[in-house]
Amino acid sequence: MEENGKDSGVVAMAACYQGFDPAAYLQYNYTPPRADFERTDSIVPWKLACLHRAFTEGDVSGELLVDIGSGPTLYQVLSGCEVFKKVLLTDFLEVNRQELRRWLQDEGGCNMDWTPYLQHVCKLEGRRPSEWTEKAAKLRQVITDVLPVDIHLPQPMASGALPSAGADCLVSCFCLEAASPDLAAFTKALGHIKRLLRPGGHLLLIGALGESYYFGGPGVKIPVVPLNEEQVCASLKETGFTLIRLEVYTLPQDMRVGVDDVTGVFFVKAKKE
């Protein structure tokens, strides 16, 4: 057996990530055309709208929101920080955790200017875009830590990192399918993170459809589990989640910019019974 009981495929996946470059990844995926806030068919505004709706429908609530596999990004908690008193960010890679800490400490040196994202979510919330500075301050206030996570461990976070009852909500974007060697490992990882969630808590999951690889940096080609909608639903059911909503976005041709072979994106809102 490999370390911590992981199989060789999982260990090989971890090795793929050693060359991950946060700056390149952000440039590939979080600038126009994929993050064009003037376009209704741009992928990033679609994701932000899904998250905003999920966090404002009234059923997702509590004290603690945990983002599983944050990568070097913050967009996934911009709506959630208005609902939860405490937010934890997590990632497997220290380079990503460092990128997030640089923004949180507001000392400069970040590879991404999140201002347009903050302004866009302010508009979704019915606020003036100029209120983005208050939103940024709120985000820095409620994000209390950036912690390591390993979705392939039965206990993905360190003992004592979460309250014994678990988190009230998990959000996870482009993590499970991009860190798993196959569908079985994806499903198993879903079961692992479910243990971090309290009974009745919600999971908000965003992931790639039909993707077999993406570039995590120049020349760093990382394999991905190519999922379809039926497989996502089956994995959720197998691991004991109740699906509330599944939405699908299909990439326009000009969003296929050569940094991956993704054809679509899914958004899931689900509940742990």
Side-chain angles (χ1 to χ4, degrees), residues 46-71 73-92 142-143 147 149-157 161-180 183-209 224-225 227-249 264-273:
W46 181 85
K47 291 187 288 186
L48 291 173
C50 286
L51 290 163
H52 167 72
R53 187 160 58 253
F55 280 118
T56 55
E57 287 173 321
D59 55 339
V60 177
S61 62
E63 295 283 321
L64 176 62
L65 169 66
V66 180
D67 181 29
I68 301 295
S70 306
T73 65
L74 289 160
Y75 71 91
Q76 57 274 31
V77 295
L78 294 185
S79 293
C81 76
E82 303 291 344
V83 179
F84 291 88
K85 295 178 181 176
K86 181 178 176 181
V87 175
L88 291 177
L89 304 180
T90 71
D91 202 69
F92 181 71
V142 301
I143 295 174
L147 298 173
V149 70
D150 188 338
I151 61 169
H152 298 300
L153 295 179
Q155 292 296 334
M157 295 177 68
L162 300 184
S164 57
D168 298 292
C169 180
L170 300 180
V171 61
S172 187
C173 302
F174 303 104
C175 171
L176 274 62
E177 76 281 5
S180 298
L183 180 59
F186 169 86
T187 305
K188 189 179 286 187
L190 196 56
H192 291 164
I193 69 168
K194 182 189 168 198
R195 295 173 185 167
L196 303 174
L197 193 60
R198 67 164 173 81
H202 287 84
L203 170 69
L204 305 178
L205 188 66
I206 293 177
L209 293 170
V224 179
V225 181
L227 298 171
N228 60 41
E229 298 160 56
E230 292 75 20
Q231 289 168 324
V232 173
C233 292
S235 293
L236 287 163
K237 186 175 182 180
E238 185 177 332
T239 50
F241 284 102
T242 299
L243 179 64
I244 297 171
R245 183 167 68 249
L246 171 72
E247 299 180 54
V248 171
Y249 168 93
V265 177
F266 69 85
F267 172 81
V268 156
K269 181 178 182 180
K271 188 175 183 180
K272 174 181 175 178
E273 296 305 334

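All of these numbers come straight from a predicted model, not from anything done at the bench.
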(request) Say whether, by atom type as modelled, one donor and one acceptor occur between the side chain of K194 and the main chain of F241 under 3.5 angstrom. (result) no
(message) Taking the side chain as everything from C-beta on, heavy atoms only, tell me whether V60 gets closer than 4.5 Å to L65.
(response) no
(request) Evaluate the ring planes of W46 and F267, with Trp represented by its six-membered ring, and classify them as parallel (under 30°), tilted (30 to 60°) or perpendicular (over 60°). (result) perpendicular
(message) Once salt bridge (Lys or Arg N to Asp or Glu O under 4.0 Å) is applied, do any residues pair with E57, and if so which ones, sequence neighbours excluded?
(response) R245, K269
(message) Is there a side-chain contact (heavy atoms from CB on, under 4.5 Å) between L74 and L89? Walk through the geometry before answering.
(response) CA-CA 9 Å; L74 289 160; L89 304 180; 3.8 Å; yes
(request) Please answer whether the main-chain N or O of I68 pairs with a side-chain N or O of S172 as donor and acceptor at a distance below 3.5 Å. (result) yes
(request) Decide side-chain contact (heavy atoms from CB on, under 4.5 Å) for T56 and V83; before the verdict, give the C-alpha distance in whole Å, the side-chain angles of both, and the deciding distance to 0.1 Å. (result) CA-CA 8 Å; T56 55; V83 179; 5.5 Å; no
(request) Could you tell me which residues satisfy side-chain contact (heavy atoms from CB on, under 4.5 Å) with E273, sequence neighbours excluded, listed by chain and number? (result) T242, K271
Listing, residues 195-208 side-chain donor-acceptor contacts under 3.5 Å, not counting sequence neighbours, or none:
from: R195; atom 1: NH1; to: P154; atom 2: O; distance (Å): 3.1
from: R198; atom 1: NE; to: D168; atom 2: OD1; distance (Å): 2.6

(request) Could you pull out all residues at least two apart from A49 that satisfy side-chain contact (heavy atoms from CB on, under 4.5 Å)? (result) none
(request) Report the distance from atom CZ of F186 to atom OG of S235, rounding to the nearest 0.5 Å. (result) 5.0 Å
(request) Find out whether V149 and I193 are in side-chain contact, i.e. whether some heavy atom of one side chain is under 4.5 Å from a heavy atom of the other. (result) no
(message) Just so I know, are the side chains of V224 and E177 near enough to count as touching, which here means a heavy-atom distance under 4.5 Å?
(response) yes
(message) Any non-hydrogen side-chain atom of V265 less than 4.5 Å from a side-chain atom of F174?
(response) yes
(request) Would you name the heavy atoms of V87 and C81 that are closest together and state the gap between them? (result) CG2-CA, 4.4 Å
(message) Donor-acceptor pair, distance only, cut-off 3.5 Å: does the side chain of E82 make one with the backbone of S79?
(response) no
(request) To the nearest 0.5 angstrom, please state how far the CG atom of D67 sits from the OG1 atom of T73. (result) 7.0 Å
(request) Check F84 against C169 and note the closest heavy-atom contact, atom names and distance. (result) CZ-CB, 3.5 Å
(request) Check whether any side-chain heavy atom of F92 lies under 4.5 Å from a side-chain heavy atom of C175, and answer yes or no. (result) no
(request) To the nearest 0.5 Å, tell me how far M157 CE sits from I151 CD1. (result) 13.0 Å
(request) Please report the shortest heavy-atom distance between L236 and A270, naming the atom on each side. (result) CD2-CB, 4.5 Å
(request) Please assess Y75 against C173 for the test side-chain contact (heavy atoms from CB on, under 4.5 Å), listing each intermediate value before the final yes or no. (result) CA-CA 10 Å; Y75 71 91; C173 302; 3.5 Å; yes
(message) Checking the side chain of Q76 only, and the main-chain atoms of S70 only, is there a donor and an acceptor separated by less than 3.5 Å?
(response) yes
(message) Please enumerate all residues that pass side-chain contact (heavy atoms from CB on, under 4.5 Å) together with D91, with sequence neighbours excluded.
(response) L93, N96, R97
(request) With the side chain counted from C-beta on, respond yes when L78 and L51 share a heavy-atom pair under 4.5 Å apart, and no when they do not. (result) no
(request) Check step by step if side-chain contact (heavy atoms from CB on, under 4.5 Å) holds for L209 and E229. (result) CA-CA 7 Å; L209 293 170; E229 298 160 56; 4.3 Å; yes
(message) So which atom in L227 and which in F266 form the shortest heavy-atom distance, rounded to 0.1 Å?
(response) CD1-CE2, 4.0 Å
(request) Apply salt bridge (Lys or Arg N to Asp or Glu O under 4.0 Å) to K85 and list each qualifying residue two or more places apart in sequence or on a separate chain. (result) E63
